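Structure first, then comments.
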Amino acid sequence: MAKDVKSQLTSLLQQALERVAAEAGATPIYLERPRDPTHGDYATNLAMQLAKLLKKNPRDIAMQLVSAIPASVLLQKAEVAGAGFINFTLAPHAKLQAVRAVLVEGENYGRSTQGGWQKVQIEFVSANPTGPLHVGHGRGAAYGASLANLLTFAGWDVTREYYVNDAGRQMDILGLSTWLRYLEQCGVAIPFLPNAYQGDYVRDMAAQMRVAHGDKLVRPATQVLAGTPGLPEAERSDDEAKRQRDQHLDALIANAKALLGADWAYVHHHALSEQLADCRNDLEEFGVDFDVWFSEKALFDTGLVARCVDLLEKKGHLYVQNGARWFRSTTFGDEKDRVVQRENGLYTYFASDIAYHLNKFERGFDKVINIWGADHHGYIARVNGAITALDLDASRLQVALVQFAVLYRNGQKASMSTRSGEFVTLRELRKEVGNDACRFFYALRKSDQHLDFDLDLAKSQSNENPVYYIQYAHARICSVLNQWAGDLASLAEADLGVLDNPRELAIASKLAEFREVIDNAARELAPHLIAFYLKDLAGEFHAWYNAERMLVDDPQLRDARIALAAAVRQTLRNGLAILGVSYPESM
RNA sequence: GUCGCGGUAGCUCAACUGGAUAGAGCACCGGCCUUCUAAGCCGGGGGUUACGGGUUCGAUUCCUGUCCGCGACACCA
């Protein structure tokens with residue numbers, strides 16, 4: 001496959017650079033696409049970059065570069081403009097090269113070798129399996145899935161991973177919540193806790209346990225509540241009341257474990273597996289798949305957490321204070337030291353996370369990407385510190401923060417607390433807005449920026465969602481191709497030279513840009529760039545569609561236009577596939 | 001208080017290593033369906049890029065100060 005036009009152009013400039021100023025031959029050459037079409041198809045600021053180095057007027061350098069550029073059939077003209085830009089106008093046939101490339105390469109058009117088939121792990125979603133996924137998780141899921149597709153397309157060997165927090169207190173609370181609902185359904189009156197999980201799904205799980213085991217798991221209220229401090233008044237929200245509620249909750253968990261014995265493991269496991277299955281099903285329906293579901297509990301069971309802490313101890317990065325064991329993360333730029341083992345002997349979440357990252361690196365990934373909610377940003381320094389402390393290369397870890405989607409309902413911020421049970425679930429959103437609009441809507445914003453998700457608007461305007469604009473372009477092309485009813489495979493041989501109107505050449509040029517967008521998006525971990533690109537491409541297609549007829553009498557012109565349309569369709573498909581959005585043939 | 005993200009048209013957002021006259025969609029106004037899908041197209045109005053200073057050939061972009069919004073700052077996960 002011949003090199004694309006942009007790289008050919010870059011190499012022409014490189015030759016000119018070496019003729020004009022060999023000593024500056026290593027200056028990176030950037031070609032950009034000018035906003036203003038009168039500035040040609042590509043432009044470079046190379047002369048301005050050289051100006052300081054060569055101590056010469058940028059326009060003079062630009063002139064010299066232009067005259068030093070080897071003759072090429074690709075170029076219609078190269079001229080100096082503005083403060084020292086060099087603007088390139090491509091010959092029409094050079095622009096049309098991309099159309100043939102799309103038709104020949106098909107679903108592989110746009111793939112690049114950027115990643116060099118290095119192994120990259122992307123860990124995302126990783127929500128606690130304590131209830132349904134909500135709209136905030138949905139954003140991380142959409143981002144991670146699209147990014148994984150994108151990096152695969154850009155030549156990386158991608159592993160998609162979900163870290164299951166199945167070891168902590170939150171899981172105990174879920175188990176307890178389920179058991180309390182079960183007791184309630186069996187007629188044992190115990191006041192339900194404000195800080196337990198409230199959702200209906202907890203009642204459902206309790207009902208399932210009752211069906212499976214009858215009253216076998218029932219214990220008397222007096223025993224369940226034995227030794228608990230009781231609850232403060234419901235309206236109190238001060239720290240003291242909060243502490244008392246937590247103590248009450250923990251006492252109940254301890255009682256549950258003691259009273260149920262081996263059955264506690266069943267309750268715990270039942271709740272976990274139900275929630276995890278629900279979560280997996282939800283994600284699958286959303287087009288989000290994982291290669292690995294990694295258990296936090298396994299890190300404890302295999303002793304890796306303990307080994308990890310020992311390792312840090314041996315390397316002298318730990319100390320004991322107030323009965324707890326601390327990691328001296330300030331050595332590595334963190335603002336304060338962090339506890340890895342609590343006074344009560346239990347490891348913190350941070351400890352297992354260090355072990356998890358050690359495990360990731362030991363699995364031999366060249367690059368590890370963590371997609372975290374933006375609320376975890378304070379966490380980056382300590383994890384990087386721990387990795388460095390273990391003599392691993394922290395630069396191989398990249399953390400992509402996803403800002404929360406802030407929900408608005410009836411013009412008011414909607415609660416996102418899983419515990420309150422008043423959240424909007426991802427499933428509800430998908431059902432009302434549709435998977436395609438959902439995936440695309442999430443992809444329309446840079447991941448590290450706030451997303452105001454107005455539910456009413458998203459629902460009421462679903463017909464105006466830009467995803468339909470793109471899908472509509474695709475459907476229109478399908479319709480024309482059906483009516484043409486020719487042999488698609490023959491289009492790659494069509495004589496495109498008759499495509500000479502500006503809209504057609506602009507579209508061809510836009511198709512070439514797809515490669516650049518893929519590379520750029522992969523480098524920036526920014527799949528949203530693809531969404532913007534697709535909007536542009538669809539827009540140019542719609543304008544052309546309204547201005548010109550494809551099924552004209554002249555067979556040569558007709559086939560050339562059909563070929564162009566087919567190339568647009570293919571490129572739309574390739575882009576939409578990365579975003580996990582479908583491309584219906586009719587709408 | 002410290003840290004992170006942000007402040008661009010009435011609203012939601014773009015603007016590629018710092019580039020040339022800051023662009024789209026929605027909303028508003030006016031046009032286009034006897035011809036391949038009107039979920040479309042064409043045209044119009046709408047801006048001191050929050051504010052001050054700095055860096056330079058050039059700043060929405062980088063630095064700095066102020067103001068405003070959101071979030072994070074646990075021996076929680």
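For clarity, every value in this text was computed on a predicted model and none was experimentally measured. Letters A, B, ... are given to chains in the order of the sequence lines, protein chains preceding strands, and every chain is numbered from 1.
Syn is the conformation of C33(B), whose glycosidic angle sits no further than 90° from 0.
Within the nucleic acid shown, Asn322(A) comes within 4.0 Å of at least one base atom, counting heavy atoms only.
Listed nucleotides: A15(B), C76(B), C75(B). Nearest to the side chain of Gln170(A): C76(B). With distances taken from any side-chain atom of Ala543(A) to the nucleotides A14(B), A72(B), C42(B), the minimum falls on C42(B).
Rounding to whole angstrom units, CZ of residue Arg445(A) and P of C5(B) are separated by 18 Å. Between the NZ atom of Lys446(A) and the P atom of G7(B) there is a distance of 9 Å, rounded to whole Å. In this structure, Ile507(A) atom CD1 and C41(B) atom P are separated by 12 Å, rounded to whole Å. The CD atom of Glu540(A) sits 11 Å away from the P atom of C42(B) (whole-angstrom rounding). In this structure, Glu516(A) atom CD and U17(B) atom P are separated by 14 Å, rounded to whole Å. Residue Trp372(A) contributes atom CH2, which lies 16 Å from atom P of C5(B) at whole-angstrom precision. Protein atom CD of Glu524(A) is 14 Å distant from nucleotide atom C1' of A15(B), rounded to whole Å. Atom NZ in Lys535(A) sits about 8 Å away from atom C1' in C13(B), given to the nearest Å.
Between G43(B) and U37(B), the two P atoms lie 24 Å apart (nearest whole Å). Taking atom P on both nucleotides, A9(B) is separated from G47(B) by 10 Å, rounded to a whole Å. The same atom, P, is picked in G46(B) and in G4(B); the two are 39 Å apart, to the nearest Å. A distance of about 13 Å separates the P atoms of C16(B) and G7(B), rounded to the whole Å. As rounded to the nearest Å, G25(B) and G44(B) have P atoms that lie 12 Å from one another. Taking atom C1' in both C11(B) and G1(B), one finds a spacing of 35 Å when rounded to whole Å. Nucleotides C28(B) and G65(B) are separated by 44 Å at their P atoms, to the nearest Å. Nucleotides U12(B) and C70(B), compared at atom P, are 14 Å apart to the nearest Å.
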Pairs under 3.5 angstrom, nitrogen or oxygen only, protein versus nucleotides 19-23 of chain B, please.
{"from": "G19(B)", "atom 1": "N7", "to": "Asn45(A)", "atom 2": "ND2", "distance (Å)": "3.0"}
{"from": "A20(B)", "atom 1": "OP1", "to": "Arg35(A)", "atom 2": "NH2", "distance (Å)": "3.1"}
{"from": "A20(B)", "atom 1": "OP2", "to": "Arg35(A)", "atom 2": "NE", "distance (Å)": "3.4"}
{"from": "A20(B)", "atom 1": "OP2", "to": "Arg35(A)", "atom 2": "NH2", "distance (Å)": "2.5"}
{"from": "A20(B)", "atom 1": "N6", "to": "Asn87(A)", "atom 2": "OD1", "distance (Å)": "2.7"}
{"from": "A20(B)", "atom 1": "N1", "to": "Asn87(A)", "atom 2": "OD1", "distance (Å)": "3.2"}
{"from": "A20(B)", "atom 1": "N1", "to": "Asn87(A)", "atom 2": "ND2", "distance (Å)": "3.1"}

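Using a 4.5 Å heavy-atom cutoff, the side chains of Leu491(A) and Trp484(A) are in contact. Counting only heavy atoms from C-beta outward, the side chains of Leu576(A) and Ser582(A) never approach each other to under 4.5 Å.
If you check residues 328-338 of chain A against RNA chain B, the residues with a heavy atom closer than 4.0 Å are Glu335(A), Lys336(A), listed by number.
Partners of Tyr349(A) according to the ring pair (Phe, Tyr, Trp, His ring centres under 6.0 Å) rule, which considers only residues two or more places apart in sequence or in another chain, do not exist here. Under the rule for a side-chain contact (heavy atoms from CB on, under 4.5 Å), the partners of His450(A) that lie at least two apart in sequence or sit in another chain are Gln403(A). Taking the ring pair (Phe, Tyr, Trp, His ring centres under 6.0 Å) definition, one finds that Phe88(A) meets it with nothing, sequence neighbours left out. Legend: residues meeting side-chain contact (heavy atoms from CB on, under 4.5 Å) with Leu276(A), ordered by chain and number and at least two apart, are Pro129(A), Val164(A), Trp293(A). Checked against side-chain contact (heavy atoms from CB on, under 4.5 Å), Ala512(A) has the following partners two or more places apart in sequence or in another chain: Arg33(A), Ala98(A).
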- Residues Arg169(A), Asp246(A); criterion salt bridge (charged side-chain N to carboxylate O under 4.0 Å, His left out); working and verdict: CA-CA 11 Å; Arg169(A) 178 166 175 263; Asp246(A) 277 345; 3.6 Å; yes
- Task: Determine, step by step, whether Asp4(A) and Ser7(A) satisfy the side chain to side chain donor-acceptor pair (under 3.5 Å) criterion, reporting the C-alpha distance in whole Å, the side-chain angles of both residues, the deciding distance to 0.1 Å, and the verdict.
- Result: CA-CA 6 Å; Asp4(A) 59 278; Ser7(A) 21; 3.0 Å; yes
- Task: Would you check, one step at a time, whether the test salt bridge (charged side-chain N to carboxylate O under 4.0 Å, His left out) holds for Glu79(A) with Arg59(A)?
- Result: CA-CA 11 Å; Glu79(A) 56 190 5; Arg59(A) 281 193 67 102; over 6 Å; no
- Message: One pair to check against side chain to side chain donor-acceptor pair (under 3.5 Å): Glu296(A) and Ser352(A). What are the steps and the verdict?
- Response: CA-CA 7 Å; Glu296(A) 180 191 9; Ser352(A) 54; 2.8 Å; yes
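Residues in residues 321-341 of chain A take part in these salt bridge (Lys or Arg N to Asp or Glu O under 4.0 Å) pairs, two or more places apart or across chains: Glu313(A)-Arg325(A), Asp334(A)-Arg338(A). For residues 517-537 of chain A, the ring pair (Phe, Tyr, Trp, His ring centres under 6.0 Å) pairs, not counting sequence neighbours, are Phe514(A)-Tyr533(A), His528(A)-Phe532(A). Sorted by first and then second residue, the salt bridge (Lys or Arg N to Asp or Glu O under 4.0 Å) pairs involving residues 522-539 of chain A (not counting sequence neighbours) are Lys510(A)-Asp536(A).
Contact check, Gln449(A) against C70(B): no side-chain N or O comes under 4.0 Å of OP1 or OP2. When the side-chain nitrogen and oxygen atoms of Tyr356(A) are compared with OP1 and OP2 of A77(B), none of them lie within a distance under 4.0 Å. At least one side-chain nitrogen or oxygen of Arg342(A) sits closer than 4.0 Å to the OP1 or OP2 atom of C76(B).
In summary, the aromatic rings of Tyr162(A) and Phe294(A) are positioned with their centroids too far apart to meet the 6.0 Å limit.
Mapping Ala374(A) and Leu444(A) onto RNA chain B by nearest heavy atom places Leu444(A) at the nucleotide closer to the 5' end. Checking Pro466(A) against Tyr347(A), the closest nucleotide of RNA chain B that is more toward the 5' end is the one next to Pro466(A).
Taking a pair as Watson-Crick or G-U wobble with both distances under 3.5 Å, RNA chain B forms stems of 3 or more consecutive pairs at B:1-7 with B:67-73, B:10-13 with B:23-26, B:28-32 with B:40-44, B:50-54 with B:62-66.
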- Message: Across nucleotides 31-38 of chain B, 5' to 3', mark each nucleotide with B, S or - according to how protein heavy atoms within less than 4.0 Å reach it.
- Response: ----BBBS
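Proximity of a side-chain donor or acceptor of His542(A) to a complementary backbone N or O of Tyr469(A) within less than 3.5 Å is detected.
On a pure distance criterion of 3.5 Å, a polar donor-acceptor pair joins the side chain of His376(A) and the base of A77(B). Within 3.5 Å, a donor on the side chain of His450(A) pairs with an acceptor on the base of C5(B), or the reverse.
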